[in-house]
Amino acid sequence: MLFSELGLGSEVLRAVEEVGYTTPTPIQEKAIPWVLQGRDVLGCAQTGTGKTASFTLPMIEILGRGRAKARMPRSLILEPTRELAAQVAENFELYGKYHKLNMALLIGGESFGDQIKKLERGVDVLIATPGRMMDLFDRGNILLTDIKVLVIDEADRMLDMGFIPDIERIVSLLPRKRQTLFFSATMPPEIKRLADKFLTTPEEVTVSAPASTATTVAQHLLVVNEQDKREALRRLIATDDVKNAFIFCNRKKDIAVVHGSLVKHGFNAGALHGDMVQSKRTETLEAFKAGSIDLLVCSDVAARGIDISDVSHVFNFDTPHHSEDYVHRIGRTGRAGKLGRAFTIATPEDGKLVQAIEKLIGKEIARFTIEGIETAELSFDADPRRRGRGAPKKDEPRRSGRDRGERTERAPRVERPAHVHVEPEAAEAAIEAHQHKRERHEPRHDRNRDRSEPRQDTRPEGRGEFRRDEHRRDEYRRDRDDRRDRRPRRDEDDDRGPPVVGFGDDVPAFILRAARPPKVSAVEIETVDGVEA
DNA sequence: AAAAAAT
């Protein structure tokens, strides 16, 4: 099957061809003809299946005929996150190259002025997150009476995020006579009910998960104690052949800590979460895409749908609380037929979470160990939250630390699969190669230094005053993050770290990331290359 | 338990 057989016009086909595609993905093949016929479509598909193009291509075709009037958009696409909305907008730009379609991206965190200006000029395609869309509607900047096509994307995630009331309200404002395309990765009853409500005699299009992750992503699990997590992460990044990676944390405050720690240790890392100013979010994601940042420490804002084709690794610094999130997170690697690798770092109290994940993916995640870092055992207490920093339940005596320890010991033991030992020399070579690669990121003037001499780091380890500075920096960070957490609403997160004295406002970037990754002796990894494909 | 989204 070729794109040219789907009924798309020559301009769209030319744009698709120029991007380099000739054959549609299954969902594109099934959905595009229905959309072109004006039918409603209920699509059960995840991101990574080519879902976006399955609606953008035929929409460009449909909207190509006709013109938009001021403030009366002709189509509306709703997305759960700003990044996804921006990604869909990019898709329209890419494939709508030979059409004169006006498009507006309505997302929060950006100025109203530009968005309103665009609406005034008349837009064919409106791509929005629900909050900003409703805001603009309530201000009278949008008339929804001319909407011909509605797309609800990632409906199950909209449900998770509590957007459904907004969506219902928005849909109630649209004309009854319209074409609706509804996409969801899963179809829980609540979603099914919505689909029935919004769609008229839809064509159902279902595609299986994108190569069901297991085929292209090798998965590993490391169980360590809380205090060893950061070192474990650094060792992993330095030892495995990491080109670039998403590093997922469960909490925003931990993102700051992990990001700060990586930067301090000389890694080229950026941070992304929903409380950062939008400009920073966009900038960081672009830098990661472009390769000027290797490591992206992020929250689940980036777990779903973010499509960067060439990511070598995903690290779960924290085990995700929802097992579906695990699948989405690791799905950021191993895309477009490439191989990827996912490492999850768990602590003993994550036992239940690991169990839930393994149940969902239908297999055990291969355990591995890192030499020199103590491997812990998963615990399967009834309520792991009570054991950690969580408060004890009402009407229950506070447990002492010793009590908690005993409970851990009584937990069932897990069988660990056999390990394959990686020879220290091999590990050394891998680290050497990794550090070599990093050197390409060095600023120009630094490249010509004499390599026969050991490098004089800008902030050498072990020099008292620098040590103190680093401690102060950590303290500063923790303090700053605490202050932020107490604020009712964060509006800025520039992650600049503490001021570096002596450079005024212009601290050279290399000062902030001059240190090299640590030397690692050896790492034991479970069948790294032979992991089941 | 937390993250996402409007200010």
For the residue pair A:Asn102 and A:Arg121, confirm or rule out a side-chain donor-acceptor distance under 3.5 Å.
no
For a quick test of reading the model: is some side-chain N or O of A:Arg157 closer than 4.0 Å to OP1 or OP2 of B:dA5?
no
Gap between atoms CE and P, on A:Met161 and B:dA1 respectively (whole Å):
20 Å
Which residues pass the salt bridge (Lys or Arg N to Asp or Glu O under 4.0 Å) test with A:Asp166, sequence neighbours left out?
none
Checking B:dA3, B:dA5, B:dA4 against the side chain of A:His273 (C-beta onward), the nearest is B:dA4
Has the side chain of A:His321 got a donor or acceptor that lies under 3.5 Å from a partner of the other kind on the base of B:dA3?
no
Ignoring hydrogens and angles, are the base of B:dA1 and the side chain of A:His322 linked by a donor-acceptor pair under 3.5 Å?
yes
Using OP1 and OP2 only, check whether a side-chain N or O of A:Thr129 sits under 4.0 Å from B:dA6.
yes
A:Leu353 atom CG is separated from B:dA2 atom P, nearest whole Å, by 13 Å
Under 4.0 Å between a side-chain N or O of A:Lys252 and OP1 or OP2 of B:dA4?
yes
If you look at every strand shown and take non-hydrogen atoms under 4.0 Å, does A:Asp166 touch a base, only sugar-phosphate, or nothing?
nothing
With a cut-off of less than 4.0 Å, is there a side-chain N or O of A:Ser299 near OP1 or OP2 of B:dA4?
yes
Do any side-chain nitrogens or oxygens of A:Arg281 fall under 4.0 Å of OP1 or OP2 in B:dA5?
yes
Answer yes when A:Asp196 and A:Lys192 have at least one side-chain N-carboxylate O distance shorter than 4.0 Å, and no when they do not.
yes
In this structure, how many angstroms lie between the C1' atom of B:dA2 and the NE2 atom of A:His328, rounded?
16 Å
Nearest-angstrom distance from the residue atom CG of A:Asp156 to C1' of B:dA4
14 Å
What is the separation between atom CZ on A:Phe248 and atom P on B:dA4, rounded to the nearest whole Å?
12 Å
Just how far, in rounded Å, is C1' of B:dA1 from CD of A:Glu226?
14 Å
Test the A:Arg132-A:Phe112 pair against the cation-pi criterion, namely NZ or CZ under 6.0 angstrom from the six-membered ring centroid and within 45° of the ring axis.
yes
Within this structure, what is the CD1-to-P distance between A:Ile152 and B:dA5, rounded to whole angstrom?
18 Å
Please assess A:Asp124 against A:Arg74 for the test salt bridge (charged side-chain N to carboxylate O under 4.0 Å, His left out), listing each intermediate value before the final yes or no.
CA-CA 5 Å; A:Asp124 300 290; A:Arg74 298 196 297 147; 2.9 Å; yes
Do the side-chain N or O atoms of A:Arg132 get closer than 4.0 angstrom to the phosphate oxygens (OP1, OP2) of B:dA6?
no
So what does A:Asp300 touch, heavy atoms closer than 4.0 Å: a base, only the sugar-phosphate, or nothing?
nothing
Touch class at under 4.0 angstrom, heavy-atom based, for A:Gly109 against every strand present
sugar-phosphate
From CG of A:Leu84 over to P of B:dA4, roughly how many Å is that when rounded to an integer?
13 Å
